[in-house]
K.L.:
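A single structure is presented below for examination.
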Amino acid sequence: MTTDWPLWEVFVRSRRGLSHTHAGSLHAPDAAMALRNARDLYTRRGEGVSIWVVPADAVTASSPDEKDPFFEPSADKPYRHPTFYEIPDGVKHL
Amino acid sequence: MTTAPPSVEERDQGPADLQRAFDEAVAAEERIEPRDWMPDAYRATLVRQIAQHAHSEIIGMQPEANWITRAPSLRRKAILIAKVQDEAGHGLYLYSAAETLGVSRDELLDKLHAGRQRYSSIFNYPTLTWADMGAIGWLVDGAAITNQVPLCRCSYGPYARAMVRICKEESFHQRQGYELLLALSRGTEAQHAMAQDAVNRWWWPSLMMFGPPDDESSHSAQSMEWKIKRHSNDELRQRFVDICVPQAESLGLTLPDPDLRWNEERGRHDFGAIDWEEFKQILKGNGPCNEQRITQRRRAHEEGAWVREAAAAYAAKRAARHGAATTHHNHQDEHRAQHAHDGEARG
């Protein structure tokens, strides 16, 4: 029979001071088992000091296409970058 | 994963635009990600290849698990258990990657069990002696690495990412195998003979792992165009032979091919003809262990059914209880439990 354990997304903090990063996904019946499985699957060689598991269907994604117009508003605002500004040579600490 | 409804632009894009965007992304060495549009044939090719790869990892646990109880020392036993566990992990990374293409894990396992999807033919050979654990690590995992390193640059993102993890771990597999063979080769006369025998049996099947010669490989050209595959079967096979020859010398073992010799002109080794009839017979299911491998896989799956069911039932019961009495207090308990697990994961 098919049990269809839900899919979980796994995030691993590789060491203190760094944020959790998506490592992959796995199936597990509940959160506790998802954590245990994630430990066995993604941290067999000390790759992590902390794990988050999130039900995959709890993730809301921005769009079906990663080049979506959703992100366009940021594309035409180069003045948000420090390199946009011209500063005379010799000016320090700026 | 919940996705927003398609944007206006998405709905307005015709098939030709979508195809062009895909082709441009592949040509520009960008990665294709799960929710991107992709040609049906590209998706089908990836599902077939990743599923076959995942199946190979978990079927590949069997010939090695065969020797866990008979490992000659605690050190070797611990290493072998870790390796077999890695193979399970590799299978799981790959099943996850396949699932991003819209197939379910159960569907893939059902197809494996029904013989409708393949696994690597190499695992249909028996592991007759302890030295086979060395030969598999050195040659079979070595061939796998040669095949898989270019897959880390595969055009499909999730597959490429899985391969990066796998390749890092395969290196341990290959080195432990080499070290094991070296210990035998430098041991007693009988141990040396055992090592040589294992290499004799695994050499040719390892060369077959690269698949049929280029002019007979049905999927190669298209896969190379899609940048799923980066090098031809024959090129990778040649690379593997060139790598293995000096490694065999350092082991003090020979490779069972009278035609194997350095070709000064080509700057590579010439080697003898591969028995493709044997390869075809194994693909057809007539190898020494086809029946045994798939029977054991089915049995493991069936005998594990109660565990999967019990875990699902427990989760459902807990979820129902939690839903019935959701108080602030309960939430705090839950929170603390999460932290306890966090601590465990650290150990």
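Note on naming: letters A, B, ... go to the chains in the order of the sequence lines (proteins, then strands), and numbering restarts at 1 for each one.
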K.L.:
Determine, using ring centers only, whether Y42(B) and F22(B) are less than 6.0 Å apart.
P.N.:
yes

K.L.:
What part of E99(B) lies closer than 4.5 angstrom to a heavy atom of chain A: side chain, backbone, both or neither?
P.N.:
side chain

K.L.:
Please step through salt bridge (charged side-chain N to carboxylate O under 4.0 Å, His left out) for the pair R20(B) and D17(B), ending with a clear verdict.
P.N.:
CA-CA 5 Å; R20(B) 194 176 327 114; D17(B) 296 330; 3.5 Å; yes

K.L.:
For residues T100(B) and Y156(B), is any side-chain donor paired with an opposing acceptor at under 3.5 Å?
P.N.:
yes

K.L.:
Could you tell me whether the side chain of R318(B) and the main chain of Y314(B) form a donor-acceptor pair under 3.5 Å?
P.N.:
no

K.L.:
Identify which part of R45(A) has an atom lying under 4.5 Å from any heavy atom of chain B, answering side chain, backbone, both or neither.
P.N.:
side chain

K.L.:
Any residues in residues 161-177 of chain B near chain A, with a heavy-atom distance under 4.5 Å, and which are they?
P.N.:
R165(B), E169(B), F172(B)

K.L.:
Please name the pair of heavy atoms, one in S96(B) and one in S25(A), separated by the smallest distance, quoted to 0.1 Å.
P.N.:
OG-O, 3.0 Å

K.L.:
Do you know the tightest heavy-atom contact between H55(B) and L108(B)?
P.N.:
CE1-O, 3.3 Å

K.L.:
Considering only heavy atoms, give the residues of residues 76-95 of chain B separated from chain A by less than 4.5 Å, sorted numerically, with 'none' for an empty result.
P.N.:
Q85(B), D86(B), G89(B), H90(B), L92(B), Y93(B)

K.L.:
Atom NZ of residue position K317(B) - does it have more than 12 heavy atoms of other residues, nucleotides or ligands inside 6.0 Å?
P.N.:
no

K.L.:
Are there over 12 heavy-atom neighbours, none belonging to D76(A), within less than 6.0 Å of that residue's CG?
P.N.:
yes

K.L.:
If we ignore hydrogens and angles and just use 3.5 Å, is the side chain of R308(B) paired with the main-chain N or O of H301(B) as donor and acceptor?
P.N.:
yes

K.L.:
On a heavy-atom basis, which atom in I228(B) and which in L151(B) lie closest, and how many Å separate them?
P.N.:
O-CD2, 3.3 Å

